[in-house]
2 protein chains.
Amino acid sequence: MFSKACEYGIKAVIHISLQSQTGKRVSLKEISGAIDSPLAFTAKILQSLAKSNIIESSKGSVGGYHIPEDVQSKLTLYEIVIAIDGDNIFERCGLGLRQCNETSPCPIHSKFKIIRENLIDMMKKTNLLELAISVDKGESVLVI
Amino acid sequence: MFSKACEYGIKAVIHISLQSQTGKRVSLKEISGAIDSPLAFTAKILQSLAKSNIIESSKGSVGGYHIPEDVQSKLTLYEIVIAIDGDNIFERCGLGLRQCNETSPCPIHSKFKIIRENLIDMMKKTNLLELAISVDKGESVLVI
DNA sequence: TCTTAATTGGACAAAATTATCCGATTTAGG
DNA sequence: CCTAAATCGGATAATTTTGTCCAATTAAGA
Ligand code: FES
Ligand code: FES
């Protein structure tokens, strides 16, 4: 469904969110350890997330990544996925036609569209804070 | 969502189905032309579909691919996708955890599961014949 | 029997994704 | 000023997916 980059990205952002709630900045090393992802690859993803203003990064000795608390409840899964994988997943024809539209749809269009819209809806309604809280409560995990 | 191989595979199978209804066998060349897919790559996919008994192939001068009419209404999108992409899409954790389960779910599990089950349900309920008929009626297309 | 048109199968190539490495830069603090 | 610890950015490597090429095989029909 999502790319590896996106999977790592989402997990990373959740971990950063968790730690940001206590005011802490998290280092790449800690993130990569916490979500069990390849360090250097994760660095690239975080770099790009910082560029698109999903997370804030600071260099230097006590630097690291963080997400302001007020942002956490506003940032949705939808925006995170778009930032990493682009809107391809949400726009693309399920059978790979050049464009998905009503006027010349592919054979699965009508059925596929419903699923896709449910997915978009779900992602737009899911914010980062609730995901972090679920991990914090021990209701869900980021590894194994 | 699906791999390229799977997209080509589904379209190919629909086209074969369409032609099979008039008793015709379709050649790779015709299929690849009809669905606008790379010929040699399509050959590989059809080869594997033939091996897993989704389609029937025959060599020789008047050979080609076909799908018996009685099979068309029984064959579902689900089975076609499984034959090409495996059950990965339907089993895999949305965030890439080693396994998706209720006892230690990832943060998006509960929401993701619903979407995934809708997708599975949709695919199990969609049979090849209805897809072919929709193209035949001009209600949907396989190219552009 | 020969030709022609088809699938099959193996090896290979290209492109995209995933992953690693390393030097440059930044910043806090001794 | 110097060091340590962190991100950044560019180059490169490995892996997977996508795509190509070509010879072998099969079967119908002249
Ligand atoms: S045209 Fe294929 S999903 Fe819309
Ligand atoms: S555990 Fe992640 S989707 Fe089920």
Side-chain angles (χ1 to χ4, degrees), chain A residues 1-13 15-16 19-20 24-67 81 84-86 88-89 92 95-96, chain B residues 1-13 15-16 19-20 24-67 81 84-86 88-89 92 95-96:
Chain A
M1 189 79 89
F2 305 126
S3 67
K4 277 282 168 198
C6 203
E7 289 176 1
Y8 296 148
I10 294 169
K11 286 191 278 191
V13 163
H15 182 74
I16 296 170
Q19 301 301 315
S20 291
K24 256 179 64 183
R25 276 166 188 278
V26 216
S27 73
L28 165 64
K29 209 169 153 186
E30 186 194 318
I31 295 167
S32 158
I35 69 174
D36 188 27
S37 66
L39 190 132
F41 189 41
T42 308
K44 295 297 181 199
I45 299 161
L46 293 176
Q47 212 174 127
S48 105
L49 284 172
K51 265 188 190 162
S52 44
N53 297 309
I54 300 286
I55 62 181
E56 288 183 13
S57 72
S58 49
K59 285 180 160 189
S61 173
V62 292
Y65 302 94
H66 83 119
I67 306 174
V81 171
I84 304 175
D85 276 353
N88 237 352
I89 330 167
R92 215 167 159 282
L95 293 187
Chain B
M1 188 79 89
F2 304 126
S3 67
K4 276 282 168 200
C6 203
E7 289 176 2
Y8 296 148
I10 295 169
K11 287 190 278 192
V13 163
H15 182 74
I16 296 170
Q19 301 301 316
S20 291
K24 255 180 65 183
R25 276 165 188 279
V26 216
S27 73
L28 166 63
K29 208 169 153 186
E30 187 195 318
I31 295 167
S32 159
I35 69 173
D36 188 28
S37 66
L39 189 132
F41 189 40
T42 307
K44 297 296 181 196
I45 298 161
L46 293 176
Q47 212 174 126
S48 103
L49 284 173
K51 266 188 189 163
S52 44
N53 296 310
I54 301 286
I55 62 181
E56 288 181 16
S57 71
S58 49
K59 286 179 159 188
S61 173
V62 291
Y65 302 93
H66 83 120
I67 306 175
V81 171
I84 304 175
D85 276 353
N88 237 353
I89 330 166
R92 215 167 159 282
L95 292 188

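Below, chains carry the letters A, B, ... as their sequence lines are ordered, and counting in each starts from 1. We use all heavy atoms of the structure for the numbers below, so side chains are in, but hydrogens, waters and symmetry mates are not.
When distances run from any side-chain atom of Ser3(A) to the nucleotides dG9(D), dT18(C), dT20(D), the shortest one goes to dT18(C). Side-chain proximity of Ser27(B) to dT18(D), dG9(C), dT7(C): nearest is dT7(C). Taking only side-chain atoms of Tyr65(B), from C-beta outward, the nucleotide of dT7(C), dT20(D), dC8(D) with the closest atom is dT7(C). Checking dT25(C), dT18(D), dT18(C) against the side-chain heavy atoms of Lys59(A) singles out dT25(C) as nearest. Side chain of Ser61(B), nearest nucleotide from dT20(D), dA5(C), dT8(C): dA5(C). The nucleotide whose nearest atom lies closest to any side-chain atom of Lys44(B) is, among dT7(C), dA11(C), dT7(D), dA11(C). Residue Leu28(B) has its side chain nearest to dT7(C) when only dT18(C), dG9(D), dT7(C) are considered. Of the candidate nucleotides dT18(D), dT18(C), dC21(D), dT18(C) has the atom lying nearest to any side-chain atom of Ala5(A). Comparing dC8(D), dG19(D), dT7(C) against the side chain of Gln47(A) picks out dC8(D) as the nearest.
To the nearest angstrom, C1' of dG10(C) lies 11 Å from NZ of Lys51(B). Counting to the nearest Å, the P atom of dA16(C) and the CG atom of Asn88(A) are 13 Å from each other. Between the P atom of dT27(C) and the CD atom of Glu56(A) lies a distance of 14 Å, rounded to the nearest Å. Protein atom CZ of Arg25(A) is 14 Å distant from nucleotide atom C1' of dA5(D), rounded to whole Å. The distance between atom CD1 of Ile31(B) and atom P of dT8(C), rounded to the nearest whole Å, is 11 Å. A straight line from CD of Glu7(B) to P of dG19(D) spans 10 Å, rounded to a whole angstrom. Distance CG (Leu46(B)) to P (dG9(C)): 13 Å, rounded to an integer number of Å. In this entry the distance linking OH of Tyr8(B) with C1' of dT20(D) reads 13 Å, nearest Å.
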Leu46(A)/Ile16(A) under side chain to side chain contact (heavy atoms under 4.5 Å, CB included): CA gap, chis, key distance, verdict: CA-CA 10 Å; Leu46(A) 293 176; Ile16(A) 296 170; 4.0 Å; yes
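A close approach under 4.0 Å does occur between a side-chain nitrogen or oxygen of Ser57(A) and OP1 or OP2 of dC8(D).
Formation of a donor-acceptor pair under 3.5 Å by the Ser32(B) side chain with backbone atoms of Leu28(B) is not found in this model. Looking only at distances, a side-chain donor or acceptor of Asp85(B) sits under 3.5 Å from a matching main-chain atom of Ser3(B).
Considering only heavy atoms from C-beta on, Tyr65(A) stays 4.5 Å or farther from Val13(A) through its side chain. Looking at heavy atoms from C-beta onward, Ser37(B) lies out of side-chain contact with Lys11(B) at the 4.5 angstrom threshold.
If Ser58(A) and Phe2(A) are placed on DNA chain C by their nearest nucleotide, the residue sitting closer to the 5' end is Phe2(A).
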